[in-house]
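Below is one structure, written out as structure tokens; the observations come after it.
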Amino acid sequence: MKEKYRITGMTCSACSSFVENSVKKIEGVSHVEVNLLSQSMNVDYDETKVDQNKIINAVTSGGYGAEPDSKKGTVQKTEVKDDLKDMKQRVIYSFVFMILLMYVSMSVMFTYPVPSFLIGHENALILVLTQFLLVLPIVYLNRQYFIRGFRSLWKGHPNMDTLIAIGSGASLVYSLFVFYEMAFAYGHMDMNAMNNHFVHDLYFESAGMILTLITFGKYLEARSKRKTTDAISKLIDLSPKQAIVIKDGQEVMVPVEDLMIGDIVLVKPGQSIPSDGIVIEGDSYVDESMLTGESMPVEKHVDDKVIGATMNKQGAFKFKVTTTNENSTLSKIISLVEEASNSKAPMASLADKVSSIFVPTVMVIAVVAFIVWLLVGKTFSFALSIGIAVLVISCPCALGLATPVAIMVGTGKAAENGILIRNATGLENAHKVDHIVLDKTGTITEGKPRVSDIVSDQLTKKELLAIVTALEKTSEHPLASAFKEEGERFGVNVLQVTNFEAKTGFGITGMIEGIAYSIGNIRLMEQLGIHENAYTKRAESLAKSGKTVMYVAKETEVIGITAVFDHIKESSYHAIEELHRLGIKITMLTGDNRLSANALKDQLHLDEIIAEAMPEDKEKKIRALQAEHHFVAMVGDGINDAPALSSADVGIAIGAGSDIAIDSADVILMKSDLNDVVTTIALSNKVVRNIKQNLFWAFFYNCIGIPLAAGLLYPMFQLKLNPMFGALAMSLSSVCVVTNALRLRFFKATTIETKERKEETKMKKTVYIEGMMCAHCQSRVNEALNTIPGMTAEVDLDNKLARVELSADISDGKIKEAVEDAGYKVTGIE
């Protein structure tokens, strides 16, 4: 079982490391991920061995809070705002008292107006007492550092709060000790001793400044961190709050949460669609850019699916609710983005290892530095300031934030562009990909095949189509829908099929009126004992044009062939070119015959094609490439792609594909656009570079800051770090890490070909056609022309012509051949 918990009280990577290690030790827990940024924990455990109470007790035993995360994102957003408001008030009040404290404490060093009762040696004790009274509100306002810090120390896992508590606490305790010494000296009229302490040994202002500056830094950090969750917040805000439900013929406004499956909802122009469903009345255009990143509105008609939170642009329509609010597409997307944001990237392991020993190491360094400076003859005050400076300048927080902030901003940015990252590992690994394996249907092509040719010497086209349609109506193969549609268009008789059998990777067989029929590729024919036949050359000719050819056999004789064509997506050309530019090699796997596959290879300039591939061949190819030390990504959409998606180093599922494929993938492309593969790799590069920068600066800061605070430069240059500056540096280091990660918000997605580029590669022609008499003729010519790869056509029946837009490499001969194959005559091409 996988469950998410909300953790309270974590302030640095030492905290998250302790919580993670504590839960990992529980027998039955298989995996734990603790995210410092989101204050959350994901746990995989065996329900028969572990329950919630055991997990919560393991966390609370270390002084932290834990509860199952059953709250909605909107509630968490409100809590974040409340926390920021509370922190802002603490910062303001702390600064007010700190300014007063600094004004009073510095009055002996500078000449500026101060109350007379604070001036003079005889009033020194009053001045010190005033400082003490002014620092008390600062300590009270920031008491959580002491509560959490000393509690963690007592539990045996010191954290950042411990360093702050010990550093500022030592300043306070020592200053109080000096106060008592001064009072004792004053009582014995030893003015020299009192003045010596007065000038050099008071640290009330340091304690107040340390607490105030660190709280100020934490406030800036919290504000910056809130921006890292902007993408999730925007997704949460997309969903409308109310819906218009039709009940007993009346329009009733109800909360979205109350919608039930089967409810009929009315959506007016300009309104957000409140839930997922199917259109039952009306037509419209829907803007789905909020979820998919696709800017063009999508036309919707009866029986089309609509997605909750998308925007209705024009007409009003009614739809039937098909999912509850908790299971809607938007809810699943939010869940995926949150899971990815909270997951831990492999690069975080280094920071985790360092964090587990960082705070104890810093405490040891502080004690050693304090003792060494005492041994070399420096005063207790000097040595104490060194120890305090070491404690307050070290920053385990920056180490803990280095990876998660970049991951959270990166996954959010991906979601804005219609790319869902399922886990941080997938986002980090994408930049390593050097070989991509692509499925063909639905990935490179549109996934909407159409019948282009029906050829038979024994039967009419309608008779052959009736046989094919009868067999294909039971099949679940992607090509089956093309024959079903063609059969409906021609109005063929529905024949009854018995003994139907699907032969995966080969074709289908069945009995019609007691006669055995089969449809499939050449391998199926060979399997049935059918070798040479009169249709071979015609089949090869069709295959060379990129069409998928299937033989139709009656008993042991081929009686015809059919061809289906699936248009290549416009985006596929550009995406493959961009992937090549990145130095990535591309292999296409397809069940088509080699001639059809080679036609696609030439058009798309692929590095390798594997034709006539069985489903298991995809996974074998992935394994083979990995054995050759390639880092492999698999892009697919079908159920048979799931094993390959799981085996690949990075599995990328086309969003319109099957749920099984999506569940097996690391990355989901909502737009079903190969350009988003390029965007994913580019974003991964940016995120990984950002993480490395964050880790470098976090390590570099501590490696430079701690020796400086320990007084390493004092013997040579007389340079000693004031603890107040150390506190400021500590606060700003975390802010810098978060701010650096926020630069990822300016990432720009890869765009499709520019208009100018398309105009360079496309040309327009007019084809004059003789023989078209009716709408059916128009449809046949339109079908024939639009199945030519790289061509789009619009047929004008009244003027007996077709206007085509085509690539420069398509010859007039190919256009003429396509029209004449459909049964019409080309009289001219301009």
So do the side chains of [X] and [Y] get within less than 4.5 Å of each other, counting heavy atoms only?
X	Y	value
I530	Y551	no
F317	V302	no
L459	I467	yes
F506	N521	yes
V632	V433	no
S275	T323	yes
L524	S518	yes
F565	T548	no

Check against side-chain contact (heavy atoms from CB on, under 4.5 Å), F319 and V267 | CA-CA 8 Å; F319 74 93; V267 184; 3.4 Å; yes

When you compare the side chains of [X] and [Y], does any donor N or O come within less than 3.5 Å of an acceptor on the partner?
X	Y	answer
D607	H435	no
H301	E299	yes
Q458	E463	no
T322	D276	no

State, to 0.1 Å, how close [X] and [Y] come at their nearest heavy-atom pair, and which atoms those are.
X	Y	value
L495	A466	CD1-O, 3.9 Å
L785	A802	CD1-CB, 3.6 Å
Y824	M772	CD2-N, 3.9 Å
C777	G771	SG-O, 4.3 Å
V549	A539	CG2-O, 3.6 Å

Does [X] use its side chain to pair, donor to acceptor, with the backbone of [Y] at less than 3.5 Å?
X	Y	value
S456	I559	yes
K318	V279	no
Q778	V795	yes
Q271	K268	yes
S284	N312	no
K413	R745	yes
T310	V306	no
S572	I568	no
T443	L438	no
S452	A563	yes

Distance, nearest 0.5 Å, that separates [atom1] of [X] from [atom2] of [Y]:
X	Y	atom1	atom2	answer
I561	Y535	CD1	OH	8.0 Å
I419	T680	CD1	OG1	3.5 Å
M588	I436	CE	CD1	14.5 Å
T562	F483	OG1	CZ	3.5 Å

Residues forming a side-chain hydrogen bond (donor to acceptor under 3.5 Å, both in side chains) with R538, sequence neighbours excluded | D457

Is [Y] paired with [X] through a side-chain N to carboxylate O contact shorter than 4.0 Å?
X	Y	result
E608	K621	yes
K547	D453	yes
D796	R803	yes
K618	D439	yes
E540	K537	no
E526	R523	no

Candidate pair R780 and E486, rule salt bridge (charged side-chain N to carboxylate O under 4.0 Å, His left out), full reasoning = CA-CA 11 Å; R780 291 296 295 170; E486 190 74 358; 3.4 Å; yes

Chi angles and distances behind the side-chain contact (heavy atoms from CB on, under 4.5 Å) call for D666, I652 | CA-CA 6 Å; D666 302 300; I652 302 175; over 6 Å; no

After noting the C-alpha distance and the side-chain angles of I609 and T587, does the key distance pass the side-chain contact (heavy atoms from CB on, under 4.5 Å) rule?
-> CA-CA 5 Å; I609 55 106; T587 296; over 6 Å; no

I769/L801 under side-chain contact (heavy atoms from CB on, under 4.5 Å): CA gap, chis, key distance, verdict | CA-CA 5 Å; I769 303 167; L801 58 81; 6.0 Å; no

